[in-house]
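The block underneath contains the structure these notes are about, expressed in structure tokens.
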Amino acid sequence: MSTNENQLPANFIRQIIANDLKINKNNGKVATRFPPEPNGYLHIGHAKSICLNFGTAIENKGTCNLRFDDTNPEKESVEYMESIKRDVQWLGFTWDGLYHASDYFEQLYNYAVQLIEQGQAYVDSLSAEQIRAYRGTLTEPGKESPDRNRPIAENLDLFKRMRAGEFADGQYVLRAKIDMASPNINMRDPAIYRIRRVHHQRTGNDWCIYPMYDYTHCISDAIEGITHSLCTLEFEDHRPLYDWVLEQLHTPCHPQQIEFARLQLEYTIVSKRKLNQLVTEKHVSGWDDPRMPTIAGLRRAGFTPKAIRDFCERIGLTKQNSWIEMGVLEYCIREDLNENALRAMAVLQPLRVVITNYPETQVEQLDISNHPQRHELGKRSVPFANVILIEQDDFAELPPPKYKRLVVGGEVRLRGSYVIRCDDVIKDADGNIIELHCSYDPETLGKNPEGRKVKGVIHWVAEQQSYPAEVRLYNRLFTVPQPDNEDNFLDAINPGSLEVLTGCRVEASLADATVENRYQFERTGYFCLDAVDSGEGKLVFNRTVTLRDGWVKD
RNA sequence: UGGGUCGUCGCCAAGCGGUAAGGCACGGGGUUUUGAUCUCCGCAUACCAAGGUUCGAAUCCUUGCGACCCAGCCA
């Protein structure tokens with residue numbers, strides 16, 4: 001990874017850090033953290049945060065922790081934690097420390113006791129509904145709870161008994177005592193502990209009270225010695241609370257919270273709740289469905305970590321809410337795959353072609369380059385015989401203007417092979433084309449014919465020497481750029497987001513395809529072997545992205 | 001006058017008082033045994049608007065306008 005700072009694009013966080021370094025703030029240390037809640041799979045929006053946090057650490061020779069914000073056990077699970085670790089590593093990052101907010105439950109509790117002792121937190125018996133009513137509105141100040149001035153000793157006793165499990169869920173809550181009239185609603189005595197008898201995936205039944213985000217996050221950051229706590233814009237209003245907690249507690253360090261705009265990608269969604277709904281209601285096959293914007297989905301679709309990292313750098317980092325066009329992501333994956341994917345031929349919708357002047361029993365092995373520019377990637381052997389398969393689209397009886405492919409009486413180059421001419425179209429009783437009769441020019445292997453130009457080049461496979469495969473063509477999951485803005489985002493699901501092609505034939509070399517390799521099926525797109533449904537003798541390929549199509553059809 | 005944040009090309013985004021970088025997209029030319037790649041060229045007299053300060057303003061000031069976030073015992 002490049003660490004040449006002069007080459008990296010400027011952004012406001014890089015500027016803040018550069019300035020901090022200049023004045024030797026934090027003794028020149030940079031420590032970040034990526035703090036997901038393990039309540040779902042990571043998605044492309046998390047990738048932005050991951051690249052930011054780990055990237056910032058790498059650029060500044062600092063550290064970056066992975067910390068699970070596991071303070072709400074109701075929605076969290078070990079499966080999610082495992083998937084998050086897997087995805088972060090797959091993206092190419094290594095955490096310095098692996099922590100959980102739950103590691104700090106005891107310290108958090110002690111800090112809460114300190115807050116109570118300082119008269120800055122109290123146990124409230126108001127119900128959730130009452131607290132809401134007392135909170136006031138955006139334009140009206142709130143009212144103080146009758147319990148707000150409960151004596152410290154009583155608060156201490158009650159809080160201890162909350163922990164001990166003497167009260168029912170929801171009976172009491174611990175609140176920070178700040179300002180019920182604050183124009184910032186987050187400062188109107190926010191709840192910092194609630195009673196919840198839920199089994200926690202790590203602490204089991206040790207606790208029946210759980211600390212809340214605003215109280216937990218800042219302290220966790222401080223405990224880990226985080227210098228720059230990077231989070232998304234919706235937490236801007238929480239920063240005063242973040243700072244308030246650390247100031248009251250006199251923590252040894254006070255991290256700086258900096259907010260940036262979250263990623264919004266057109267034609268998809270990154271709301272965890274909605275992603276979850278797509279999975280639960282089976283609109284997709286799972287969290288790793290290749291149409292999902294999850295890291296797992298992108299991986300299964302054939303995206304590379306490098307392309308995703310590149311994408312995250314290209315989209316920039318600001319405080320402006322913005323929508324990134326899908327074209328940017330597609331550009332990034334094409335750039336990587338064009339450079340690195342092995343070329344191969346696969347016929348997705350076959351049309352039989354009999355080469356009438358080619359010996360019926362002959363099979364020729366043609367050596368074809370694995371990459372048109374990078375010859376060091378070697379060649380593979382592709383069998384050629386008298387019956388081949390071409391793409392149905394590559395033949396037209398009534399060609400559109402500027403058509404460069406096969407027409408009756410016309411010639412076309414078979415990629416890496418001979419030039420053929422179409423002599424006859426064979427149809428069935430209903431008039432459907434069932435095969436073509438062509439003749440080949442033996443003088444055109446590896447060289448152009450004399451006296452005429454053959455414009456078109458099409459891909460092909462030998463019928464007998466090819467392998468059957470299933471090919472899954474994925475398209476955008478939604479029909480509108482901002483499905484989140486629809487009344488019901490499910491109505492915007494693209495019914496054609498998955499096309500399964502079962503009669504495909506792939507060239508012989510693809511029988512050895514691996515999940516790790518990426519392939520360009522020439523002229524059709526980039527593909528990878530499906531990691532889940534491929535098996536012994538069964539080839540299933542996923543289309544990662546199409547090739548750019550510069551053919552301007554009239 | 002509830003608080004907070006943000007307005008620079010179709011989409012991102014540099015710019016930090018000295019006269020509008022870059023990328024994606026798009027349009028056009030060239031090369032090409034992938035209508036791919038590669039390559040060359042084009043693409044904001046203008047920075048939400050209106051005033052003001054200044055020799056000079058996207059950058060500073062004022063006033064508007066627009067967008068987003070906040071009233072979980074979620075994160």
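Chain identifiers are assigned alphabetically (A, B, ...) following the order of the sequence lines, protein sequences preceding nucleic acid strands; residue numbering begins at 1 within each chain.
Position along RNA chain B of the nearest nucleotide to A:K319 versus A:T139 favours A:T139 as the more 5'-ward residue. Between A:Y213 and A:I458, the one whose closest nucleotide on RNA chain B sits nearer the 5' end is A:I458.
We find that CG of A:D189 is positioned 14 Å from C1' of B:rC73, with the value rounded to whole Å.
Heavy atoms of A:A191 sit under 4.0 angstrom from primed sugar atoms or phosphate atoms, though from no base atom. Note on A:E522: a base of the nucleic acid sits closer than 4.0 angstrom, heavy atoms only. The residue A:R314 sits close only to the backbone: its heavy atoms come under 4.0 Å of sugar-phosphate atoms, none of a base. Residue contacts shown for A:N11 are limited to sugar-phosphate atoms, with no base heavy atom under 4.0 Å away. Residue contacts shown for A:G550 are limited to sugar-phosphate atoms, with no base heavy atom under 4.0 Å away. At a threshold of 4.0 angstrom between heavy atoms, the contacts of A:G416 include nucleobase atoms, whether or not backbone atoms are also involved. Contacts of A:F68 with the nucleic acid, taken as non-hydrogen atoms under 4.0 Å apart, are absent. Using a 4.0 Å heavy-atom criterion, one finds that A:T318 contacts the sugar-phosphate atoms exclusively. In this structure, A:G446 reaches the bases: a heavy-atom distance under 4.0 Å links it to at least one base atom across the strands shown. Using a 4.0 Å heavy-atom criterion, one finds that A:I131 contacts the bases of the nucleic acid, with or without backbone contacts as well. Among the atoms of the strands shown, base atoms are found under 4.0 Å from some heavy atom of A:K404. Across all strands shown, A:R415 has heavy atoms under 4.0 Å from base atoms, whether or not it also approaches the sugar-phosphate. At a threshold of 4.0 angstrom between heavy atoms, the contacts of A:K447 include nucleobase atoms, whether or not backbone atoms are also involved. Counting non-hydrogen atoms under 4.0 angstrom, A:R175 reaches nothing in the nucleic acid.
For A:Q320, a side-chain nitrogen or oxygen approaches OP1 or OP2 of B:rG7 to under 4.0 Å. Between A:R188 and B:rG3 there is no side-chain polar atom (N or O) within less than 4.0 angstrom of OP1 or OP2. Residue A:Q15 has a polar side-chain atom (N or O) positioned under 4.0 Å from OP1 or OP2 of B:rG15.
By the rule that a glycosidic angle within 90° of 0 means syn, B:rG72 counts as syn.
The pair A:E486-A:K274 fails the salt-bridge criterion, with no side-chain N (NZ, NE, NH1 or NH2) lying under 4.0 Å from an Asp/Glu carboxylate O. Taking the charged nitrogens against the carboxylate oxygens, A:R421 and A:E411 do have a contact shorter than 4.0 Å, which makes a salt bridge. Ionic pairing of A:D441 and A:R452 is present here: one or more N-O contacts between side-chain nitrogen and carboxylate oxygen are shorter than 4.0 angstrom. Ion pairing between A:R196 and A:E74 holds under the 4.0 Å rule for side-chain N and carboxylate O. Salt bridge annotation for A:D103-A:R202: present, with a cationic side-chain nitrogen under 4.0 angstrom from a carboxylate oxygen.
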Show the atom names and distances, to 0.1 Å, of all donor-acceptor pairs under 3.5 Å that link a side chain in residues 44-51 of chain A to residues at least two apart or in another chain.
unit_1, atom_1, unit_2, atom_2, d
A:H46, ND1, A:H43, N, 2.9
A:K48, NZ, A:A261, O, 2.7
A:S49, OG, A:N53, ND2, 3.3

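Using P as the reference atom, B:rC24 and B:rU37 are 11 Å apart when rounded to the nearest Å. Comparing the P positions of B:rU62 and B:rC6 gives a spacing of 16 Å, expressed to the nearest Å. The P atoms of B:rC11 and B:rC48 are separated by 14 Å, rounded to the nearest whole Å. A gap of 16 Å separates the C1' atoms of B:rG7 and B:rA14, to the nearest Å. Comparing the C1' positions of B:rC68 and B:rU45 gives a spacing of 32 Å, expressed to the nearest Å. Rounded to the nearest Å, the gap between the C1' atom of B:rA75 and that of B:rA36 is 44 Å. Atom P of B:rG22 sits at a distance of 16 Å from the matching atom of B:rU39, rounded to the whole Å. To the nearest whole angstrom, the two P atoms, one in B:rU8 and one in B:rA58, are 15 Å apart.
For B:rG2, its base never sits under 3.5 Å from the side chain of A:E140 at any donor and acceptor pair. Under 3.5 Å, the side chain of A:R548 and the base of B:rU37 form no donor-acceptor pair of N or O atoms. No donor-acceptor contact under 3.5 Å links the side chain of A:R523 to the base of B:rU34. A donor-acceptor contact under 3.5 Å links the side chain of A:Q520 to the base of B:rU34.
With centres under 5.5 Å and a plane angle under 30°, the ring of A:W551 is stacked against the base of B:rG35.
Pairing partner, B:rC24: B:rG10, with both Watson-Crick or wobble hydrogen-bond distances short of 3.5 Å. Pairing for B:rC55 is with B:rG18, a Watson-Crick or G-U wobble pair whose two hydrogen-bonding atom distances lie under 3.5 Å. Base pairing annotation: B:rC68 forms a Watson-Crick or G-U wobble pair with B:rG4, both donor-acceptor distances under 3.5 Å.
Ring centroids of A:F527 and A:F521 are separated by less than 6.0 Å, placing the two rings close together. Two rings, from A:H217 and A:F235, have their centers 6.0 Å or more apart.
Closest contact between the side chain of A:R196 and the listed nucleotides B:rU37, B:rU33, B:rC73 involves B:rC73. The side chain of A:A10 sits closest to B:rA14 out of B:rG35, B:rA14, B:rC12. Nearest to the side chain of A:M212, among B:rG35, B:rA36, B:rA75, sits B:rA75.
Geometrically, A:R163 engages A:Y109 in a cation-pi contact defined by less than 6.0 Å to the ring centre and at most 45° from the axis. A cation-pi arrangement is absent between A:R67 and A:Y99, since the terminal nitrogen or guanidinium carbon is not both under 6.0 Å from the aromatic centre and inside a 45° cone about the axis.
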Polar-atom pairs under 3.5 Å, protein N or O versus N or O of nucleotides 69-71 of chain B: list them with distances, or write none.
unit_1, atom_1, unit_2, atom_2, d
B:rA71, O3', A:R135, NH2, 3.4
B:rA71, O2', A:R135, NE, 3.0

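Side-chain contact check for A:E522 and A:Q520: no donor-acceptor pair (N or O, by modelled atom type) lies under 3.5 Å.
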